[in-house]
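Atoms considered below: every heavy atom in the structure, side chains included; atoms not considered: hydrogens, waters and symmetry mates. Since the structure is predicted, the reported quantities are computational estimates derived from the model, not experimental observations.
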Amino acid sequence: MSTLPAVPADPAVPAVPAAPAVPASSGSGPLGRDALAAVVARDIPIGAYVNLGIGQPTLVSNHLPPDSGVTLHTENGMLGMGPEATGDEVDPDLINAGKIPVTELPGASYFHHADSFAMMRGGHLDICVLGAYQVSQAGDLANWHTGAPDAIPAVGGAMDLATGARDTFVMMNLLTREGESKLVERCRYPLTGVACVSRVYTDLAVFLIEPDGVVVRETFGISFEDLCDLVPIPLRLAEGARPGSA
């Protein structure tokens, strides 16, 4: 399988701003999925066009302020998606790419699947938020196949999003069930995209993938020193961040 080169950013569109430095340790323990989704939502710039991948990333829609001006795009053909639908809001004909019932915001529009992919491949999305099996220290993304002979490949639109969006955020648990880090020196699984990930949001820390290495912006319930013991790559604290304790 071949991978696609990243689409260069449009200079007319502002890049995702660097988040301010914060204390390296926040909170008393690993973040749950909703709390982590709130952290991601906080970092999405006002007025951005964003696609939320299947799984954990879909939760981000529930934490965007109504006045954020963020427009959510869905792979199956919708602009203006709102939070997840509940109760009487549920319409079986109104779902996102993960088949989860969603709401629509004023001005929402619908279009063909092919048009949706044209938006993704054409560099019209500012950010996509995806799940991952592994992310390398160079920002390579592996999220469609583990390589196991009995595993079912599920690339979907991830390759188009990872290479078409101007910024790719990953949202995942830092460790596997076996306790291995998903942030690695080099991905062992088939790649979705090369050097496409700019930030990795996990239950234990937020990582910034930069040209000169991986920077820890903040941790959740774990000290920087203990985090370094879990992750098999060199890490450094963001400038201005204070070392924290679990």
Subject >> Exam field: side chain N62 to backbone E84, donor-acceptor pair closer than 3.5 Å >> reply: yes

Subject >> Ionic contact status for R217 with E239, cut-off 4.0 Å >> reply: no

Subject >> Close side-chain approach of V231 and L174, heavy atoms under 4.5 Å >> reply: yes

Subject >> Side chains of T192 and N143, donor plus acceptor under 3.5 Å >> reply: yes

Original post:
Yes or no on side chain to side chain contact (heavy atoms under 4.5 Å, CB included) for L64 and L72, after CA distance, side-chain angles and deciding distance?
Top reply: CA-CA 10 Å; L64 291 169; L72 295 180; 3.9 Å; yes

**OP:** Determine the interplanar angle of the Y189 and Y133 rings, folded into 0 to 90°, and report it as parallel if under 30°, tilted if 30 to 60°, perpendicular if over 60°.
**Re:** perpendicular

Original post:
Do D212 and R236 touch side chain to side chain, with heavy atoms closer than 4.5 Å?
Top reply: yes

Original post:
Are M81 and L94 in one and the same hydrophobic cluster, where Ile, Leu, Val, Met, Phe, Trp and Tyr link if side-chain heavy atoms are under 4.5 Å apart?
Top reply: yes

Original post:
Can you check whether I127's main-chain N or O pairs, donor with acceptor, with D167's side chain at less than 3.5 Å?
Top reply: no

**OP:** Enter the distance from M120:CE to M159:CE here, rounded to the nearest 0.5 Å.
**Re:** 11.5 Å

Subject >> Option among V40, L183, V197 that satisfies the side chain to side chain contact (heavy atoms under 4.5 Å, CB included) test with V170 >> reply: V197

**OP:** May I ask you to decide if D226's main-chain N or O and S223's side chain share a donor-acceptor pair within less than 3.5 Å?
**Re:** yes

Subject >> From D229 atom CG to S181 atom OG, the distance as rounded to the nearest 0.5 Å >> reply: 12.0 Å

Subject >> Any donor-acceptor pair under 3.5 Å from D160 side chain to R121 backbone >> reply: no

Subject >> Working for side chain to side chain contact (heavy atoms under 4.5 Å, CB included), residues V216 and F207 >> reply: CA-CA 5 Å; V216 177; F207 302 89; 3.9 Å; yes

Original post:
Does a side-chain heavy-atom distance below 4.5 Å link Y110 with L79?
Top reply: no

Subject >> Q134 side chain to R188 backbone, donor-acceptor under 3.5 Å >> reply: yes

Original post:
Do R199 and D43 meet the salt-bridge criterion of a basic N to acidic O distance under 4.0 Å?
Top reply: yes

**OP:** Check the surroundings of atom CD in E185: do more than 12 heavy atoms from other residues, nucleotides or ligands lie under 6.0 Å from it?
**Re:** no

Original post:
Do the side chain of S116 and the main chain of T74 share a donor and acceptor less than 3.5 angstrom apart?
Top reply: yes

**OP:** Using a 4.5 Å cut-off on heavy atoms from C-beta on, say whether the side chain of I44 contacts that of S68.
**Re:** no

Subject >> D91 side chain to D93 backbone, donor-acceptor under 3.5 Å >> reply: yes

Subject >> D140 bridged to R186 by N-O distance under 4.0 Å >> reply: no

Original post:
Can you check whether L235 reaches L227 side chain to side chain, under 4.5 Å on heavy atoms?
Top reply: yes

Original post:
Heavy-atom distance under 4.5 Å between the side chains of H73 and M78, does that happen here?
Top reply: no

Subject >> Pair R42 + E218, salt bridge at N-O below 4.0 Å >> reply: yes

Original post:
Given side chains that start at C-beta, do those of F220 and L204 come closer than 4.5 Å, heavy atoms only?
Top reply: no

**OP:** Would you indicate whether the side-chain heavy atoms of T168 and L130 approach each other to under 4.5 Å?
**Re:** yes

Original post:
Just wondering, are more than 12 heavy atoms of other shown residues or ligands nearer than 6.0 Å to CZ in F117?
Top reply: yes

